[in-house]
Undergrad: 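The structure's right below; bear with me while I get my questions together.
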Amino acid sequence: SGYLKTPKLAALTAPTNITLEFDICRFAGDGAAAATTVAASGTDFVVTNDLCSKQANAVVNKPWSHVELSIAGATAETQIKFDGSRGKDSASDRCLLDNIKITK
């Protein structure tokens with residue numbers, strides 16, 4: 001478990017609404033429902049089984065989910081952190097990330 005953090009969004013000169021997109025694949029635990037929503041709480045967005053189901057390690061072709069988030073008021077100091085170490089069982093929160101894109 002661990003995290004991935006972007007550099008500061010230094011090119012922003014004023015508070016700006018941005019869009020964060022990424023593809024995610026989780027690979028531990030039991031399967032669950034297909035992707036539907038993402039839960040937001042303050043500055044945290046939590047990827048749940050409803051968004052991206054966990055997959056048993058034995059599954060070879062694990063499904064990927066595409067996530068698109070709107071972030072209001074990003075500044076030159078804003079950094080985005082993907083954190084897989086915060087769950088109650090962080091070993092089962094492991095994931096693969098790809099195609100990370102930030103646009104304004």
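Because only heavy atoms are used, hydrogens play no part in the values below, and waters and symmetry mates are left out as well, while side chains stay in.
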Undergrad: Which heavy atom of Gly73 sits nearest to which heavy atom of Asn17, and what is that distance?
TA: N-OD1, 3.2 Å

Undergrad: Within the structure provided, determine whether Ile71 and Thr78 are in side-chain contact (heavy-atom separation under 4.5 Å).
TA: no

Undergrad: To the closest 0.5 Å, what do you measure between CZ (Phe22) and CD1 (Ile102)?
TA: 10.5 Å

Undergrad: Mind checking the CG-NE2 spacing from Asn99 to His66? Nearest 0.5 Å is all I need.
TA: 8.5 Å

Undergrad: Is the shortest side-chain heavy-atom distance between Leu4 and Ile100 below 4.5 Å?
TA: yes

Undergrad: Any sub-3.5 Å donor-acceptor pair from Gln79's side-chain atoms to Thr6's backbone N or O?
TA: yes

Undergrad: Less than 4.5 Å apart, side chain to side chain, heavy atoms only: is that true for Thr19 and Glu68?
TA: yes

Undergrad: What's the shortest heavy-atom distance between Leu12 and Thr75, and which atoms?
TA: CD1-O, 3.7 Å

Undergrad: Measure from the side-chain N and O atoms of Asp23 to the backbone N and O of Val67, and report whether any donor-acceptor pair falls under 3.5 Å.
TA: no

Undergrad: How close do Ala76 and Lys8 get, counting heavy atoms only, and between which atoms?
TA: O-CB, 3.3 Å

Undergrad: So which atom in Trp64 and which in Asp98 form the shortest heavy-atom distance, rounded to 0.1 Å?
TA: CZ3-CB, 3.9 Å

